[in-house]
Amino acid sequence: NAFVLLDRDGALETARASEQRWRDGSPLSRWDGVPTPVKDILLTKGWPTLRGSTLIDEAGEWSEDTPSVARVREAGCVLIGKTTTPEFAWKGVTDSIRHGATGNPWGADLTAGGSSGGSATAVGLGMGTWSIGTDGGGSVRIPASFTGTVALKPTYGLVPHYPASPFGTLAHAGPMTRSVTDAAAMLDVLVGFDARDWSAMPTPTTSFLDGLEDGVSGLRVGFSADLGYVRNDPEVERLVRDAVSVLADAGARVEEVDPGFTDPVDAFHVLWFTGAAKVLEHYGDDALARIDPKLRWCVEQGRSVSASQYLDAVAVRMALGQQMGRFHERYDVLLTPTMPIPAFEVGRPSPQGWPSDLWTSWTPYTYPFNMTQQPALSVPCGLTSDARPVGLQVVGRRHADALVLRVGRAYEQRSDWSSHVPTLIRAAEGA
């Protein structure tokens, strides 16, 4: 259940056009013809964008591409369809009233994570070389960790976003791939100034592939196993520590250190819940009765937030950004687990027996870096004993996206991850 729309005829027509351009020696880019699914939160010309919600009518003009979709189309990529998302991308698993639940390449009974779970599963199973996802609190990195794929939440503004997300400047768009090299290549495609995004950064003048193979020798690396307040699954912690050791052996100067902040979840909730409340403003008086009940609860919480409480949350966010700015004066990157747990049962909001059903209760490593707008990469670093993937997160200072990718690539080169084949592919081949 990774796709909500598959445009077979349109994809084949686009692929034939790409083939002809290559035959003529005039491809639109190096990536002309790459099969690319798009998360169904992003406007795509000619296709409905339903955002996992029954509030949205399929009928409509659908006459505009969001910037990231426009960039892959201009590069000649073959848009093959739209991938699943929870309603308005509001949570860390991918299920919705409209489209049901999305499974995982490593087990159809496991969640793909979210909110870009459809894109992660599609990429993980080879149903697209890469995909565009969005991340407002971990939504590309959570499913990357759970599905054994790679995803980058870039520095805010590097990949333009339009229309503006109701979740404001927490929301980023970024590449979801099977390798760090592909993530760097796709980032080259996605970046490109677009005037529709008031916070869009200028188009970079160099490729993110430049220097990708330069390694980590001499880099100052801070490693935090728990940020000082998280409890990890023992297998997750073991695999992440092993990955950090690989980078140390590659020449990185690794020091185990916490960045020194407390869990900012309360401030994040204020920012997130008010964004959720904003989502429903244009869908009528009965909208609350027609959405995911847990999203309804978030909307109600957001509607009760005062202006003073909102500004207090913004102040926490700014202080966190300042603290991480100081941290990166001492360390080039921060390494953490991407997730404290591996994937759990599909269709559940949290693991069986977990103390809370709120998605932020089990994603403590992701949302802080949406608040700070830093680049954060998830790269696979192994499998648990029952064959569930685990991710290593690489966080850099703002605008250090190339360095984050370089560190991820240095680990990837020394990892045997590429030899691991997802359970569903092995089952299909066996059949």
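Summarising the geometry of A183 relative to V150, their closest heavy-atom pair is CB-CG1, 4.1 Å, with the distance given to 0.1 Å. Shown here for G174 and P154, the closest heavy-atom pair between the two residues is CA-CD, 3.9 Å. The two atoms that bring Q374 and V395 nearest to each other are NE2-CG1, 3.5 Å, heavy atoms only. For the pair V180 and L405, the tightest heavy-atom approach, listed with the atom from each and the gap, is CG1-O, 3.3 Å. Residues L212 and A184 come closest through the heavy atom pair CD2-CB, 4.1 Å. Nearest approach of T147 to A112, heavy atoms of both residues: CG2-O, 3.7 Å.
Using a 4.5 Å cut-off on side-chain heavy atoms (C-beta onward), D292 and P86 make no contact. Taking the side chain as every heavy atom from C-beta outward, F146 and T111 approach each other to under 4.5 Å. Under the 4.5 Å side-chain criterion, counting only non-hydrogen atoms from C-beta, L28 is not in contact with E74. Residues F88 and I56 form a side-chain contact, since some pair of their non-hydrogen atoms from C-beta on lies under 4.5 Å apart. Between D7 and I80, every side-chain heavy-atom pair lies at or beyond the 4.5 Å cut-off. Within the 4.5 Å cutoff, side-chain heavy atoms of V270 are placed close to those of Y310. L227 has its side chain within reach of P259: a pair of non-hydrogen atoms, C-beta onward, lies under 4.5 Å apart. Annotation: side chain of R290 is not in contact with side chain of Y283 (no heavy-atom distance under 4.5 Å).
For D32, the salt bridge (charged side-chain N to carboxylate O under 4.0 Å, His left out) partners are R21, not counting sequence neighbours. When the side chain to side chain donor-acceptor pair (under 3.5 Å) test is applied to R326, no partner is found at least two apart in sequence or on another chain. Residues that satisfy the side chain to side chain donor-acceptor pair (under 3.5 Å) test with S224, not counting sequence neighbours, are D258. Under the side chain to side chain donor-acceptor pair (under 3.5 Å) criterion, S145 pairs with no residue, sequence neighbours left out. Listed by chain and residue number, F268 satisfy the ring pair (Phe, Tyr, Trp, His ring centres under 6.0 Å) test with Y367 (two or more places apart in sequence, or in another chain). With sequence neighbours excluded, the residues forming a side chain to side chain contact (heavy atoms under 4.5 Å, CB included) with A144 are T149, A151, S378, listed by chain and number. For the side chain to side chain contact (heavy atoms under 4.5 Å, CB included) test, residues two or more places apart in sequence or in another chain that qualify with L219 are V216, V221, D332, L403, R406, V407.
Remark: the backbone N or O of G118 is not paired with any side-chain donor or acceptor of T83 at under 3.5 angstrom. Judged purely by atom type and a 3.5 angstrom limit, R71 has no side-chain atom pairing as donor or acceptor with the backbone of V191. With T36 contributing its side chain and L79 its backbone, the two residues share no donor-acceptor pair below 3.5 Å. Not one N or O on the side chain of R196 forms a donor-acceptor pair closer than 3.5 Å with the backbone of Y162. Remark: side-chain polar atoms of H161 are not paired, donor with acceptor, to backbone N or O of A164 under 3.5 angstrom. Without hydrogens or angle criteria, T66 side chain to S68 main chain gives no donor-acceptor distance under 3.5 Å. For R409 (side chain) and E213 (main-chain N/O), no donor-acceptor pair under 3.5 Å exists by modelled atom type. Put simply, the side chain of W362 gets close to the backbone of P349: a donor and an acceptor are under 3.5 Å apart. With hydrogens and angles ignored, the 3.5 Å screen pairs a side-chain donor or acceptor of R220 with a backbone N or O of E329.
Of the residues listed (H99, R98, K91), the one engaging D95 in a side-chain hydrogen bond (donor to acceptor under 3.5 Å, both in side chains) is K91, and it is the only one. Of the residues V159, L152, L158, V69, the one that meets the side chain to side chain contact (heavy atoms under 4.5 Å, CB included) test with L190 is V159. Screening S116, S139, S115 for a side chain to side chain contact (heavy atoms under 4.5 Å, CB included) with T85, the sole residue that qualifies is S115.
If you check the side chains of S96 and E87, you find no donor sitting under 3.5 Å from an acceptor. Judged purely by distance below 3.5 Å, without hydrogens or angles, the side chains of D357 and S350 pair a donor atom with an acceptor atom. Between the side chains of T102 and T121, no donor N or O sits under 3.5 Å from an acceptor N or O. Looking only at atom types and distance, the side chain of S131 has a donor-acceptor partner in the side chain of S119 under 3.5 Å away.
Contacts classified as salt bridge (charged side-chain N to carboxylate O under 4.0 Å, His left out) and involving residues 133-153 (residues at least two apart or in different chains) are given here: D135-R141. Applying the side-chain hydrogen bond (donor to acceptor under 3.5 Å, both in side chains) rule to pairs touching residues 202-211 yields D188-S207, sequence neighbours excluded. Counting only residues at least two apart or in different chains, ring pair (Phe, Tyr, Trp, His ring centres under 6.0 Å) contacts with residues 168-192 comprise Y156-H172. Here ring pair (Phe, Tyr, Trp, His ring centres under 6.0 Å) pairs that include residues 394-421, with residues two or more places apart or in two chains, are W106-W417, W417-H420. Sorted by first then second residue, the side-chain hydrogen bond (donor to acceptor under 3.5 Å, both in side chains) pairs that include residues 266-275, not counting sequence neighbours, are H269-T360.
Salt bridge R23/E19: present, at least one basic N to carboxylate O contact under 4.0 Å.
For F273 and W297, the distance between ring centers is under 6.0 angstrom.
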Working for side chain to side chain contact (heavy atoms under 4.5 Å, CB included), residues R348 and V93: CA-CA 8 Å; R348 296 189 54 83; V93 293; over 6 Å; no

Go through it in stages, so that I can follow the logic: the residues are K45 and R73, the test is side chain to side chain contact (heavy atoms under 4.5 Å, CB included), and I'd like the CA-CA distance, side-chain angles, deciding distance and then a yes or no. CA-CA 10 Å; K45 187 176 181 179; R73 198 187 296 275; 3.9 Å; yes

Check the pair V346 / N104 against side chain to side chain contact (heavy atoms under 4.5 Å, CB included), numbers first and verdict last. CA-CA 8 Å; V346 70; N104 189 310; over 6 Å; no

Assess whether side chain to side chain contact (heavy atoms under 4.5 Å, CB included) is satisfied between V246 and D242, documenting all intermediate values. CA-CA 6 Å; V246 168; D242 288 349; 5.8 Å; no

Pair E300-R303, salt bridge (Lys or Arg N to Asp or Glu O under 4.0 Å): steps then yes or no: CA-CA 5 Å; E300 291 167 345; R303 288 178 175 177; over 6 Å; no

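More than 12 heavy atoms of other residues, nucleotides or ligands shown are found within 6.0 angstrom of CG on D24. Within 6.0 Å of the CD atom in E13, the count of heavy atoms belonging to other residues, nucleotides or ligands does not exceed 12. Applying the 6.0 Å contact sphere to CD of E61 captures no more than 12 heavy atoms from other residues, nucleotides or ligands. Atom CZ of F261 is surrounded by more than 12 heavy atoms from other residues, nucleotides or ligands within 6.0 Å.
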